[in-house]
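Read the structure below first, then the notes.
Fair warning: this is a prediction, and the values are worked out from it, not measured in the lab.
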Amino acid sequence: MKIIHITDTHLSGTHPVFQLNWCMARKALLAHAPDLVIHTGDAAISDPDRAEDLRFAKEEMDRLGLPYLIVPGNHDIGDNPLPAEWLGKQPKPCTEARCAVWREVFGPDFWVQEIEGIRFVGLNAQLFGTGLAAEAQQWEMLREAFGAGGRIVLVTHKPLYSQTDGSDLPLNSIPEADSREIEALARDAGVLLHLSGHLHRFKVVERGFPRVWGASTAFVCSHEKMSRRNGRMEVGLQSVTLEQTPEVRFVPVLDAITMDIRTWLDPESGGLTNILSEPSPITVSAP
């Protein structure tokens with residue numbers, strides 16, 4: 001099975017800041033003629049309360065004309081409710097209402113799909129630590145899916161730790177206690193591969209099973225707050241072949257513009273918050 005893994009598209013029909021790079025990424029994706037596309041979240045540009053951006057992202061994914069699986073990211077439904085002093089502001093939390101909007105647009109926010117003998121297990125990484133009823137339901141689904149044996153691919157927006165030594169800043173990865181439990185269950189189940197996004201870097205971490213950090217199709221960020229992430233900092237996507245053992249290859253989007261948003265993380269900058277608060281000077285024409 002040939003898969004193209006994309007992530008962090010950050011799309012918006014009203015504020016198409018990253019639309020050019022998405023168009024170039026779509027062209028590269030279609031040239032690979034994959035059997036399946038997997039999107040690991042942050043489909044929408046930034047604000048989890050802008051449902052119109054989710055709907056636009058859904059339209060863009062449907063336009064591919066290919067089967068795809070998708071999980072939500074923190075910019076789609078809100079984040080884990082953890083202190084985030086290092087970010088300089090507390091992000092909007094994951095809530096049932098925000099997850100409900102995702103489900104209305106894209107379908108389930110966590111799921112199990114069997115395709116060609118592979119069990120794909122998609123998790124809502126932002127549910128962990130919320131105490132919502134859905135969090136317990138997700139754990140039940142995960143344990144059942146991992147306990148059934150077979151060939152399994154885990155799909156989440158955030159990685160299981162973003163550092164190979166297992167340490168990280170809050171919100172860079174799935175919360176540590178949950179991450180350790182998922183990791184133990186995955187090892188026992190013999191998980192083939194873990195696909196994630198969020199970090200805007202390409203890297204394959206080999207620790208028990210391969211964990212792929214996906215490069216964003218939208219932008220990179222070289223700010224010093226992100227320096228611990230390492231990995232390949234480039235706009236791109238990932239080609240994954242699932243045979244006896246997974247083969248993963250980074251695919252650079254050569255026609256894309258390498259947009260670096262490092263200045264948006266400075267205290268003086270309002271970044272996307274300011275951009276989204278005003279009418280956009282650019283628009284998207286109908287396809």
Side-chain angles (χ1 to χ4, degrees), residues 5-12 15-26 28-29 39-47 53 73-76 79-80 82-91 125-126 156-174 195-205 211-239 248-276 280 282:
H5 168 213
I6 61 174
T7 193
D8 297 86
T9 49
H10 293 278
L11 297 172
S12 172
H15 294 74
V17 181
F18 309 113
Q19 187 70 15
L20 173 62
N21 280 358
W22 166 245
C23 290
M24 298 301 102
R26 181 175 61 212
L29 185 162
H39 191 319
T40 51
D42 278 358
I45 188 167
S46 179
D47 188 338
D53 294 335
N74 53 297
H75 288 291
D76 301 322
D79 217 329
N80 307 95
L82 296 173
E85 288 84 358
W86 70 277
L87 275 176
K89 62 179 179 179
Q90 194 67 26
Q126 293 70 232
T156 66
H157 177 57
K158 294 183 177 184
L160 299 173
Y161 321 114
S162 69
Q163 301 300 317
T164 54
D165 65 359
S167 63
D168 203 358
L169 295 169
L171 301 182
N172 270 1
S173 57
I174 292 173
L195 300 177
S196 66
H198 189 55
L199 301 180
H200 290 245
R201 312 282 175 111
F202 171 74
K203 189 173 184 178
V204 180
V205 178
R211 305 118 185 265
V212 178
W213 303 0
S216 168
T217 65
F219 62 84
V220 301
C221 184
S222 63
H223 195 280
E224 60 184 8
K225 289 182 178 179
M226 311 302 178
S227 62
R228 299 179 59 207
R229 295 179 175 181
N230 301 315
R232 182 168 178 167
M233 191 175 62
E234 188 174 345
V235 172
L237 37 85
Q238 292 66 231
S239 172
V248 180
R249 182 170 61 88
F250 176 73
V251 179
V253 180
L254 298 177
D255 295 330
I257 297 171
T258 302
M259 300 180 70
D260 188 344
I261 66 158
R262 62 169 295 134
T263 57
W264 293 358
L265 271 68
D266 290 333
E268 295 79 12
S269 171
L272 278 173
T273 300
N274 282 359
I275 290 171
L276 293 175
S280 174
I282 53 177

Within this structure, what is the CG-CD1 distance for the pair Leu160 and Ile174, rounded to the nearest 0.5 Å? 5.0 Å
Within the structure provided, determine whether Ser12 and Val17 are in side-chain contact (heavy-atom separation under 4.5 Å). no
Donor-acceptor pair, Arg249 side chain versus Ser239 backbone, under 3.5 Å? no
N/O donor-acceptor pair under 3.5 Å between Lys158 side chain and Leu171 backbone: yes
Please answer whether the main-chain N or O of Ser222 pairs with a side-chain N or O of Asp260 as donor and acceptor at a distance below 3.5 Å. yes
Note: Thr9 and Ala43 closest approach over all heavy atoms is OG1-O, 3.2 Å
Which word best sums up how the rings of His75 and His10 line up, parallel for under 30°, tilted for 30 to 60°, or perpendicular for over 60°? perpendicular
Among Asn74, Thr40, Thr156, Thr7, which one satisfies side chain to side chain donor-acceptor pair (under 3.5 Å) with His198? Asn74
Approximate separation, where rounding is to 0.5 Å, of Asp76 CG and Asp42 CG: 5.5 Å
Give a yes or no on whether the backbone of His5 and the side-chain of Gln238 come within a donor-acceptor separation of less than 3.5 Å. yes
Give, for atom CG of Leu29 and atom CG of Leu237, the distance between the pair rounded to the nearest 0.5 Å. 6.0 Å
Is a donor from one side chain sitting under 3.5 angstrom from an acceptor on the other, for His223 and Asp266? yes
Atom OG in Ser173, atom CG in Leu199: separation rounded to 0.5 Å? 8.0 Å
Where do Pro252 and Glu234 come nearest, in terms of heavy atoms and distance? CB-OE2, 3.3 Å
Mind listing the closest non-hydrogen atom pair of Asp8 and Ser216 along with its distance? O-OG, 2.7 Å
For Ile257 and Leu20 the tightest heavy-atom approach is CD1-CD2, 3.5 Å
Test side chain to side chain contact (heavy atoms under 4.5 Å, CB included) applied to Trp213 and Asn230, step by step: CA-CA 11 Å; Trp213 303 0; Asn230 301 315; 5.6 Å; no
Between Leu82 and Gln90, which heavy-atom pair has the shortest distance, and what is it? O-NE2, 2.5 Å
Under the side chain to side chain contact (heavy atoms under 4.5 Å, CB included) criterion, do Arg211 and Ser196 qualify, and how do the steps go? CA-CA 8 Å; Arg211 305 118 185 265; Ser196 66; over 6 Å; no
